[in-house]
*Asks:* 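This is the structure I want to talk about, given as structure tokens.
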Amino acid sequence: MKKNKYHLLDKFVLRTPLLRYNSVFFAALKEEDLVSLLEDEIIKESIYFASSDLLNEANKQIELNRKLSKESLFAILKYFSRMSTRCTPFGLFAGTSVGNFGSEESTPKLGKLKNYKKHVQLDMNVIFSIFQLINQNKKIRKYFTYYTNTTINSGAYQDGLTYIEYIYRKGRRNHMLNSVTNSFFLDLIFTKNEGGLKFNELVKLLVSQDIEKKEACKYINDLIDSQLLVSELEPYTTGNEPLKFILEKINGIIELKDLYQSLSEINSILEDLNSTFSDKFCNVKHYLRVQEILNGLHIAFDKKNLFQANLNTILEQRALCSKAQKEVFKGIEVLNRLTVKQSNANLQTFKKEFYDRYQDQEVVLSEVLDIDKGIGYCNTSTKTDSPLLEGLYFPVISQKRPVKSQYVHDFFLNKLSEASYCNYKVINLSDKDLENFELNWEDLPPTMSSLVEIYAKDDSQNIYAITNCGGSSAANLLARFCNSNNEISNFVSDEIIKAENKLIDGNFILAEISHLPESRVGNILLRPQLRKYEIPYLAKSNLPVENQIFIKDIWVSLRNDTIYLYSKKLKKYIIPILTSAHNYNNPSMVSAYRFLCDIQNQSGRTSMGFSWGPVSENFIFLPRVQYKNIIISKAFWNFKKCHIAHLYNLENETLISEIHKWRARYHINEEVIIKELDNKLYINFNNILYIELFLKVLKNRDSFIIEEFLYNEFKSIVKSDTGMHTNEFIFSLFKID
């Protein structure tokens, strides 16, 4: 028997909503029930984090006449549904806990709600405003260390250099390419400042070159203002909570005594909030006190985005039967067989242009990515020397579909045609079906994670919904919770990161990509220092300088159609890695960031999952796809606006009757999910409130997708003393050495 190339780690992370799932309650839910729910202190506090304005307005309306406006009613209903059905963490609406596989027949059981713990911190936008407040004060710069901007590129220019600086527009961080004329003094500062220098040390460096001290101070201040030099009090994405970092750095600075005391009070308030999940809503006064302190400091902030919160749930019973390991792996094998490697068009273009320009040379990366002197990356237009063609857009020529991809497409098109003709609601795959698809473990990352929902079909069998598996690291989905959950942090560092380090060739090193695209993205990018080396780019690294790899030290070459990155300082090849679930493919991201992220797994598959592909657009109904007790694709419906247009002028019993006919026509269940990318909204068609919400949400959409809600058919294996909870397990896989 062929040995598996991957194993599941013995620990897992369980994601569950704040509240239990109760279909009977949802079906009977009335407006007065929502009003009563707002009397629950935990629900109120959870909604406060999502929208304090909504909660305040709803409270006013209730005090006035015990009723909610339609707008407030539907907003509260959406939030209540989310905190009862959706597992994706968002504020206090859903949380995480750590469990493990056990040998006995066991299932996880959630502990009491009052024992849940919340982790509240200032939103990154507020943190960056504090950084700015300090850095703009020239009188205190003498206390801080300054570093060279990590984006400076001088290798491709004789008389000047380019670099990226950021500015804030309407609370958003925007990047701009800038250039300056090089000089003896700039070169002197950058040469001597590799490990960072204090302000006075930089001034002293210039004074040693016969520059007047006053002029030297002005020159250094100008370099700081233009961001050629950046402070140690700059935003970062890897490290501990920034507020504590700021307090550590400004402690003892006389000029900042008042700021230190104010920020210390905020820190104490946050620590008090984080002690337990309070069952009283008295904490609102603490939130308001934080606002009051920030106003007194004249720190700009958006009241809607003042706090960032995570919820840590509690498992009373942690173990999940070890049989689940085999079942989950069985489903991952199916996804492996059905997933076709997709080439990265940006990397393919880069490799072609690199070879045309440099052939077998090894070139410094900052020069290669320079759009004027090098070849750039992810360019929106074809580079040309012809002024007649300048500014015209040339789309990338589509590549031929791989043979296996065509085979998978044809196979499922036949299955779908058969299901449509026979009116099947489920496409069941057999072992014989899967024999024709290769099982390949060689082109996958060292560790991966899989999101799995587990249902109890009956006393003897569970149903597993496994829709995807992958990521450049199994830590990607977990890293953002490490600073707020010690169990997750220990699991990531002690098991996942260690497993990855063991699998790395001695000639290579893993280097964490540390980059901050914009301020609020820092809320999901902030994570501990997980790796020995980091590549800082438009973000500060808190590692010693000898463990930082700067862009100017990275050399790129192309051999055997593979891109190699090399650090001449460390004399090692580099595998850059972003231990985060951030979507780096956004075209607005800087090219160096996208390039480094694309390199993570350049020659293999970064994920495994089932997709109908373009064929899905030609069918209204796509059946569930299932292999034995493994669901790899939930059933869903593709609708256009015209399919529900006749429902908008109806009310009450007439509307309920027509909804029933519409559902019967398309065989739609009573409970479904409206799906839009990663957003999911629960709908219960037995309730007029949900029907009205359904129509309101879709009113301005030309098309929409409805997905089956499996808890309508099966029960969740995760329970508490109050009832059943929807679930999402994050299982981690590692490659066997």
Side-chain angles (χ1 to χ4, degrees), residues 17-40 43-44 46-47 50-51 54-55 57-59 61-62 64-86 93 620 635-637 639-676 679-701 703-713 723-724 726:
L18 174 69
L19 304 177
R20 64 172 179 162
Y21 158 71
N22 187 336
S23 61
V24 176
F25 181 73
F26 292 145
L29 188 68
K30 297 182 175 61
E31 179 179 349
E32 51 265 35
D33 295 320
L34 288 174
V35 172
S36 297
L37 285 169
L38 287 178
E39 296 174 1
D40 184 292
I43 293 176
K44 279 203 294 189
S46 302
I47 293 176
S51 175
L54 170 63
L55 183 63
E57 183 60 31
N59 285 334
Q61 293 167 7
I62 292 170
L64 186 64
N65 56 13
R66 292 292 297 176
K67 287 183 70 66
L68 293 167
S69 68
K70 279 291 185 182
E71 185 175 350
S72 297
L73 177 69
F74 288 134
I76 296 293
L77 180 57
K78 283 199 288 186
Y79 280 156
F80 174 67
S81 298
R82 197 192 198 288
M83 69 176 80
S84 303
T85 60
R86 193 173 173 200
F93 287 176
I620 290 179
F636 64 92
W637 293 258
F639 285 121
K640 304 293 184 184
K641 196 173 186 177
C642 61
H643 291 118
I644 58 170
H646 66 289
L647 300 172
Y648 276 94
N649 295 322
L650 307 177
E651 294 181 350
N652 302 326
E653 295 302 322
T654 306
L655 176 57
I656 294 173
S657 175
E658 288 301 314
I659 278 283
H660 180 75
K661 293 177 184 177
W662 175 75
R663 283 181 42 232
R665 180 179 180 185
Y666 295 105
H667 306 285
I668 299 171
N669 296 331
E670 298 168 344
E671 298 171 272
V672 297
I673 296 293
I674 299 176
K675 185 177 179 180
E676 183 181 21
N679 296 317
K680 296 183 178 183
L681 176 62
Y682 169 86
I683 296 292
N684 191 310
F685 284 120
N686 288 322
N687 189 314
I688 186 63
L689 288 180
Y690 276 109
I691 292 172
E692 291 175 352
L693 175 62
F694 172 77
L695 295 175
K696 176 180 173 58
V697 168
L698 300 177
K699 187 172 184 179
N700 296 318
R701 295 191 196 176
S703 62
F704 59 95
I705 293 174
I706 290 178
E707 183 181 79
E708 67 174 333
F709 186 66
L710 291 174
Y711 297 97
N712 184 67
E713 182 177 347
M724 186 173 68
T726 62

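Computation of the quantities below employed the complete heavy-atom set of this structure, encompassing side-chain atoms and omitting hydrogens, waters and symmetry-equivalent molecules.
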*Asks:* Please enumerate all residues that pass side chain to side chain contact (heavy atoms under 4.5 Å, CB included) together with Ser72, with sequence neighbours excluded.
*Replies:* Leu54, Glu57, Gln61, Leu68, Ser69

*Asks:* If you measure from CG on Leu650 to CD1 on Ile656, what distance do you get to the nearest 0.5 Å?
*Replies:* 11.0 Å

*Asks:* Could you go through Leu695 and Leu655, starting from their C-alpha distance and side-chain angles, then the distance that decides it, and tell me whether this counts as side chain to side chain contact (heavy atoms under 4.5 Å, CB included)?
*Replies:* CA-CA 11 Å; Leu695 295 175; Leu655 176 57; 3.9 Å; yes

*Asks:* For Tyr79, give me all partners under ring-ring contact (aromatic ring centres under 6.0 Å, His included), at least two apart in sequence or on another chain.
*Replies:* Phe93

*Asks:* Give the C-alpha distance, both sets of side-chain angles, the deciding distance and a yes or no for side chain to side chain contact (heavy atoms under 4.5 Å, CB included) between Arg66 and Glu32.
*Replies:* CA-CA 8 Å; Arg66 292 292 297 176; Glu32 51 265 35; over 6 Å; no

*Asks:* Report the relative orientation of the aromatic rings in Trp662 and Phe685; use parallel for angles under 30°, tilted for 30 to 60°, perpendicular for over 60°.
*Replies:* perpendicular

*Asks:* Can you measure from CZ (Phe25) to CG (Leu37) and round to the nearest 0.5 angstrom?
*Replies:* 5.0 Å

*Asks:* For Tyr682 together with Tyr711, are the ring centres under 6.0 Å from each other?
*Replies:* no

*Asks:* Could you tell me whether Asn649 atom CG has more than 12 heavy atoms of other residues or ligands within 6.0 Å of it?
*Replies:* no

*Asks:* So, applying side chain to side chain contact (heavy atoms under 4.5 Å, CB included) with Tyr690, which one of Ile659, Val672, Asn684 is it?
*Replies:* Asn684

*Asks:* Give the minimum heavy-atom separation between Leu38 and Ile47, together with the two atoms involved.
*Replies:* CD2-CD1, 3.7 Å

*Asks:* As an exercise, state the distance from CG of Leu55 to OG of Ser46, rounded to the nearest 0.5 Å.
*Replies:* 10.0 Å

*Asks:* For the CG atom of Asn686 and the CZ atom of Arg663, what is their distance to the nearest 0.5 Å?
*Replies:* 6.5 Å

*Asks:* What's the shortest heavy-atom distance between Tyr648 and Leu698, and which atoms?
*Replies:* OH-C, 3.4 Å

*Asks:* Would you compute the distance between atom CD of Glu31 and atom NZ of Lys70 and round it to the nearest 0.5 angstrom?
*Replies:* 7.0 Å

*Asks:* Between Phe639 and His643, how do the two ring planes meet: parallel, tilted or perpendicular, split at 30° and 60°?
*Replies:* perpendicular

